[in-house]
Peer 1: 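A single structure is presented below for examination.
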Protein chains: 2
Amino acid sequence: MSVNVLIYEDNESLRNSLVTLLSREKGFHIVGDYPECTNLENHLLHLNPDVILMDIDLPEINGIDGVKKIRSITTTIHVLMLTVFDDTSSVYDALYAGANGYLLKKYISTRLVTSIKDVLEGGSPMSPAIARLIIDSIKQKGPKKTALDYNLTSREIDVLVSLAKGNSYKMVANDLTISLDTVRTHIKHVYDKLHVQSQGEAISKALREGLIS
Amino acid sequence: MSVNVLIYEDNESLRNSLVTLLSREKGFHIVGDYPECTNLENHLLHLNPDVILMDIDLPEINGIDGVKKIRSITTTIHVLMLTVFDDTSSVYDALYAGANGYLLKKYISTRLVTSIKDVLEGGSPMSPAIARLIIDSIKQKGPKKTALDYNLTSREIDVLVSLAKGNSYKMVANDLTISLDTVRTHIKHVYDKLHVQSQGEAISKALREGLIS
DNA sequence: GTGAATATCACATATTTATGGGATTGTGGA
DNA sequence: TCCACAATCCCATAAATATGTGATATTCAC
């Protein structure tokens with residue numbers, strides 16, 4: 001049994017290359033190749049693809065929206081994005097839209113086949129440059145500070161967490177089974193340590209810096 | 001000129017395989033191979049590696065801490081993690097520690113050489129399964145809801161943002177050059193729309209759901 | 001041009017917060 | 001042993017917040 005591949009790529013010579021490349025490979029069957037994905041629903045219904053190769057920069061409906069449409073219909077078909085862009089926002093948009101992998105076009109000749117196999121196994125193959133983008137943007141958010149960075153005690157964290165849930169002092173007291181005044185004391189200490197002077201600032205600082213989540 | 005590779009891997013047979021594998025490849029020069037990375041500083045100083053292959057599960061000092069130590073000394077040396085684990089926390093820890101790539105051991109025979117070349121080019125090669133983990137954990141945070149999901153108006157967002165900075169109502173009023181009562185009104189509406197009844201809950205909900213950042 | 005939604009302001013008041021004091025107990029390190 | 005610190009509680013008060021009700025002007029779609 002072979003893998004059904006559906007191709008959307010507006011660059012005709014590249015599209016032909018893809019077809020040639022996969023035709024030579026046994027185990028792959030190309031069920032369709034189109035320069036645009038306006039007829040997506042029909043294709044999905046009648047061509048029965050296992051994997052879709054989707055160019056990101058498509059006329060009419062772009063690849064991102066194409067993926068969204070696919071995902072609104074089915075989550076089982078694997079989608080591998082093909083792109084010349086390696087900018088962060090395209091990558092993120094595609095990932096959120098539900099793409100399974102992200103291959104830079106310059107790597108197509110050497111990695112297309114293995115990448116398709118990877119997505120079929122549930123992996124998310126991506127060019128190293130793409131992976132780098134993702135990693136950088138994750139790291140940018142920063143290694144989460146621990147409560148230790150502000151010398152918050154465990155009880156102080158408890159109070160902060162309870163507060164962030166939207167509890168009033170009274171509710172926090174009830175939540176942690178301590179008195180209202182104790183809650184106040186803890187919060188005072190938290191404010192001192194975080195150098196803030198209001199609940200709003202404390203909570204947003206705690207959330208943004210990963211002290212609580 | 002060749003690439004200097006330094007290897008830390010406690011499994012002796014695997015370490016020998018790595019050495020053999022890279023020895024056969026021209027352009028690579030192995031400057032050292034050790035079962036543990038306790039002598040890291042010295043090695044860095046005297047062996048002059050371009051790339052370090054680092055097992056994650058090392059005795060004495062584990063690979064994560066190894067990377068941290070490397071990064072505290074230099075950021076230019078490339079580090080490729082080798083692992084049998086593909087759990088989320090190991091991956092994240094390694095990334096935050098400053099690893100450049102993350103290769104599952106079962107792919108070593110087929111992808112080690114290209115992966116090393118990838119890191120040298122500034123990319124972050126990783127096995128598809130690893131990439132999948134990262135993508136899933138990103139997506140888990142969810143596609144950010146926009147303010148539209150709660151029908152917040154632009155002015156209401158302004159107020160919310162200002163509040164999250166830690167501003168009091170007075171300061172918000174000053175910030176947006178509107179009256180205190182107008183601030184109150186906006187906040188009332190925000191609370192209604194978000195279904196909350198305190199500043200803390202509003203801010204944490206807004207931050208967690210990505211309404212503001 | 002009517003109505004719905006936005007943005008603005010006003011007044012009133014019960015609760016809640018922020019902040020200042022001060023106190024007791026237990027724990028763990030110097 | 002003694003000191004620092006964590007965790008608990010108490011009192012007091014000025015300031016800020018939550019909530020209700022009501023009003024006006026603008027805009028934008030129907």
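Chain letters run A, B, ... following the sequence lines, proteins first and then strands; every chain starts at 1.
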Peer 1: Can you list, pair by pair, the side-chain donor-acceptor contacts under 3.5 Å of residues 45-53 of chain B, counting residues two or more places apart and other chains?
Peer 2:
{"unit_1": "B:His46", "atom_1": "ND1", "unit_2": "B:Asn42", "atom_2": "O", "d": "2.9"}
{"unit_1": "B:Asp50", "atom_1": "OD2", "unit_2": "B:Asn4", "atom_2": "N", "d": "2.7"}

Peer 1: Which residues within residues 166-186 of chain A lie with some heavy atom under 4.0 Å of an atom in DNA chain D?
Peer 2: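 Listed by number, they are A:Ile178, A:Ser179, A:Asp181, A:Thr182, A:Thr185, A:His186.
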Peer 1: So, using side-chain contact (heavy atoms from CB on, under 4.5 Å) as the criterion, who are the partners of B:Lys165 when residues are at least two apart?
Peer 2: B:Val161, B:Asn167, B:Asp175
Peer 1: Grab the NZ-P distance between A:Lys188 and D:dC10 for me, whole Å please.
Peer 2: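 The answer, rounded to whole Å, is 13 Å.
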Peer 1: Taking atom C1' of D:dC9 as reference, at what distance in whole Å does atom CD1 of A:Ile187 sit?
Peer 2: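 Going from CD1 in A:Ile187 over to C1' in D:dC9 covers 15 Å.
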Peer 1: For A:Arg15, is there an ion pair with A:Asp55 - N to carboxylate O distance below 4.0 angstrom?
Peer 2: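 No.
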Peer 1: Measure across B:Met81 and B:Ala99 and return the closest heavy-atom pair with its distance rounded to 0.1 Å.
Peer 2: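 Result for this residue pair: CG-CB, 3.4 Å.
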Peer 1: Just jot down the side-chain contact (heavy atoms from CB on, under 4.5 Å) partners of B:Glu156, sequence neighbours excluded, or say none.
Peer 2: B:Leu152, B:Thr153, B:His186, B:His189, B:Val190, B:Lys193
Peer 1: Among B:Ile56, B:Leu14, B:Leu112, which residue meets the side-chain contact (heavy atoms from CB on, under 4.5 Å) test with B:Lys105?
Peer 2: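 Testing B:Lys105 for a side-chain contact (heavy atoms from CB on, under 4.5 Å) against B:Ile56, B:Leu14, B:Leu112 leaves exactly one candidate, B:Leu14.
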Peer 1: Which residues satisfy the side-chain contact (heavy atoms from CB on, under 4.5 Å) test with B:Glu36, sequence neighbours excluded?
Peer 2: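 For B:Glu36, the residues satisfying side-chain contact (heavy atoms from CB on, under 4.5 Å) (neighbours in sequence not counted) are B:Thr38, B:Pro59, B:Glu60.
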Peer 1: Regarding A:Arg132 and A:Asp136, does a basic nitrogen lie under 4.0 Å from an acidic carboxylate oxygen?
Peer 2: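 Answer for the salt bridge query: yes.
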Peer 1: Going 5' to 3' on DNA chain C, which nucleotide is the first and which the last to come under 4.0 Å of a heavy atom in chain B?
Peer 2: C:dT6 to C:dC11
Peer 1: A:Lys106: which residues meet the salt bridge (charged side-chain N to carboxylate O under 4.0 Å, His left out) condition with it, sequence neighbours left out?
Peer 2: none
Peer 1: For the atom pair NZ (B:Lys205) and CG (B:Leu211), what is the distance rounded to the nearest 0.5 Å?
Peer 2: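 With rounding to 0.5 Å, NZ (B:Lys205) is 9.0 Å from CG (B:Leu211).
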Peer 1: Please give me every residue in residues 192-202 of chain B whose heavy atoms get under 4.0 Å of an atom in DNA chain C, ordered by residue number.
Peer 2: none
Peer 1: Which whole-number value in Å describes the distance from A:His189 NE2 to D:dC5 P?
Peer 2: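 Going from NE2 in A:His189 over to P in D:dC5 covers 11 Å.
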Peer 1: Please name all residues satisfying ring pair (Phe, Tyr, Trp, His ring centres under 6.0 Å) with B:His43, sequence neighbours left out, ordered by chain then number.
Peer 2: B:Tyr8, B:Tyr34
Peer 1: Report the end-to-end axis angle of the helix from C:dG1-D:dC30 to C:dA30-D:dT1; each axis comes from five terminal pairs, and the value is rounded to 10°.
Peer 2: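 The end axes of the helix from C:dG1-D:dC30 to C:dA30-D:dT1 are about 60° apart, to the nearest 10°.
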Peer 1: Restricting to pairs with a member in residues 62-72 of chain A, which pass side chain to side chain donor-acceptor pair (under 3.5 Å), not counting sequence neighbours?
Peer 2: A:Arg71-A:Asn100
Peer 1: Under the side-chain contact (heavy atoms from CB on, under 4.5 Å) test, which residues partner B:Ser115, sequence neighbours left out?
Peer 2: B:Leu80, B:Leu103, B:Arg111, B:Pro125
